[in-house]
Amino acid sequence: MTMRANLKKQIFNYEDGKGFAYEFRKRRSKFFMQFIDNNFDGAREITIVDFGGTEVFWKSIGFDYLREKNMKITLVNLEAISIVDDDIFTSVVGDARNYSPEQMYDICFSNSCIEHVGQMADFIDFRNSAQSIAKTYFIQTPSFHFPIEPHFVSIAWHWLPKALRVLIVNNMSVGHFDKGKDLLDSYVIVESCYLLSHKIFKKLFYDGKIHKEKFGFFTKSFIAVKGLEQI
């Protein structure tokens with residue numbers, strides 16, 4: 001196994017319950033459950049809109065807990081996804097940057113989505129959607145300051161000049177991405193992920209509180225939380 005492949009398995013494996021990423025997701029899930037208990041204790045039903053979400057993430061919280069709290073979760077993605085537990089989840093095709101549902105949700109939730117929606121104007125539109133369609137929000141994104149880029153699974157990848165990253169992708173597969181089909185496709189791949197700094201993320205979610213997920217001395221990711229009662 002190559003060093004990159006081993007790094008990918010050890011740090012960014014969510015499936016086998018052993019990787020660092022899985023442990024962080026479990027820790028994040030406990031934090032979210034605390035958020036639920038602090039803000040919606042005794043609620044008869046909790047409605048959640050999840051930007052870019054799938055059922056897989058929610059397994060780390062546990063479907064028994066979701067049913068116990070009577071959570072109804074709407075998964076919003078650019079393409080339709082299949083649903084297994086349809087008593088909890090609903091799949092909707094939509095764009096988080098301009099999502100305008102008929103209902104108001106209790107929570108706007110997002111796990112590692114905002115960094116994929118585009119550039120600054122898109123981040124602002126994403127933020128505006130989160131603020132306008134829900135009473136509270138819980139938005140997570142990987143940190144620009146963490147030395148390992150989680151999508152390309154490479155040390156200092158996101159700190160390299162864009163032109164160099166494009167050149168690399170145009171010649172080889174990197175992380176979760178295959179080698180670019182051509183130069184233009186390589187640009188699309190590189191520009192598909194834009195990690196946010198603490199300063200920018202805090203400015204975007206100015207009406208919430210920014211929590212830092214730590215890995216040693218480094219901040220691995222940020223969570224913007226706006227609650228009825230701040231945690």
Side-chain angles (χ1 to χ4, degrees), residues 12-94 96 99-114 116 126-127 129-142 150 205 207-215 220-231:
F12 298 105
N13 185 354
Y14 295 98
E15 302 300 328
D16 63 6
K18 298 179 181 180
F20 290 118
Y22 179 84
E23 291 302 319
F24 270 99
R25 182 166 286 186
K26 288 294 292 184
R27 189 186 307 176
R28 190 177 307 145
S29 298
K30 290 179 180 178
F31 182 44
F32 180 72
M33 292 164 73
Q34 180 187 350
F35 172 80
I36 292 293
D37 293 339
N38 283 7
N39 289 279
F40 298 97
D41 186 39
R44 298 178 63 182
E45 181 182 84
I46 303 172
T47 57
I48 301 173
V49 57
D50 182 356
F51 287 158
T54 66
E55 286 180 281
V56 172
F57 170 83
W58 295 95
K59 288 181 179 179
S60 62
I61 293 178
F63 288 1
D64 288 342
Y65 177 83
L66 302 182
R67 291 189 173 96
E68 176 190 337
K69 295 295 184 179
N70 197 23
M71 294 188 191
K72 303 300 180 184
I73 304 172
T74 301
L75 306 174
V76 179
N77 291 278
L78 295 176
E79 298 179 356
I81 61 173
S82 60
I83 297 297
V84 177
D85 293 86
D86 56 8
D87 61 318
I88 303 174
F89 301 97
T90 302
S91 174
V92 172
V93 175
Y99 185 59
S100 301
E102 295 182 357
Q103 73 177 97
M104 186 76 171
Y105 295 92
D106 292 315
I107 306 168
C108 180
F109 181 93
S110 181
N111 186 78
S112 296
C113 178
I114 190 172
H116 296 290
F126 182 104
R127 185 274 316 276
S129 288
Q131 290 176 326
S132 65
I133 67 174
K135 303 170 187 175
T136 66
Y137 58 68
F138 190 100
I139 310 293
Q140 180 273 347
T141 192
F205 295 96
D207 57 342
K209 182 177 181 180
I210 307 301
H211 292 262
K212 298 179 180 180
E213 290 185 329
K214 305 294 288 188
F215 182 80
K220 183 179 180 293
S221 63
F222 307 116
I223 305 174
V225 178
K226 179 184 178 182
L228 303 175
E229 295 182 14
Q230 296 287 10
I231 296 179

More than 12 heavy atoms of other groups within 6.0 Å of K72 NZ: yes
Angle class for the F35/F40 ring planes (parallel below 30°, perpendicular above 60°, tilted otherwise)? perpendicular
Could you give the distance from CD1 (I48) to CG (L66), rounded to the nearest 0.5 Å? 7.5 Å
Listed once per pair and sorted, the ring-ring contact (aromatic ring centres under 6.0 Å, His included) pairs that draw on residues 66-88, sequence neighbours left out: none
Carboxylate-amine/guanidinium contact E213 R28, below 4.0 Å: yes
S91 to I83 - nearest heavy-atom pair and separation: CB-CG1, 3.7 Å
Distance from D85 atom CG to R67 atom CZ, nearest 0.5 Å? 5.0 Å
Nearest-0.5 Å distance, CG of residue N38 to CE of residue M33: 12.5 Å
All side chain to side chain donor-acceptor pair (under 3.5 Å) counterparts of N77, not counting sequence neighbours: none
What distance do L75 atom CG and E55 atom CD have between them, rounded to the nearest 0.5 Å? 7.0 Å
Side-chain heavy-atom pair W58, I88 within 4.5 angstrom cut-off: no
Do S129 side-chain atoms and A96 backbone N/O form a donor-acceptor pair below 3.5 Å? yes
Any ion pair linking D37 and K30 (charged N to carboxylate O, less than 4.0 Å)? no
Which pair of non-hydrogen atoms, one from C108 and one from I139, has the smallest distance, and what is that distance? O-CD1, 3.8 Å
Is there a side-chain contact between I36 and M71, using heavy atoms and a 4.5 Å cut-off? yes
Does a side-chain heavy-atom distance below 4.5 Å link P142 with S112? yes
Residues S221 and Q140: closest non-hydrogen pair is CB-NE2, 3.3 Å
Between the main-chain N or O of D106 and the side-chain N or O of T47, is there a donor-acceptor pair closer than 3.5 Å? yes
Would the F205 and F222 ring centres measure less than 6.0 Å apart? no
Is the gap between the ring centers of Y137 and F51 under 6.0 Å? no
List the atom of V93, the atom of A80, and the distance in Å for their closest heavy-atom pair. CG2-N, 3.5 Å
Any chance you could measure R44, atom CZ, to N70, atom CG, to the nearest 0.5 Å? 9.5 Å
Spacing of N39 atom CG and Q34 atom CD [to the nearest 0.5 Å]: 10.0 Å
Measure up the F32 and F109 rings against each other and bin them: parallel (under 30°), tilted (30 to 60°), perpendicular (over 60°). perpendicular
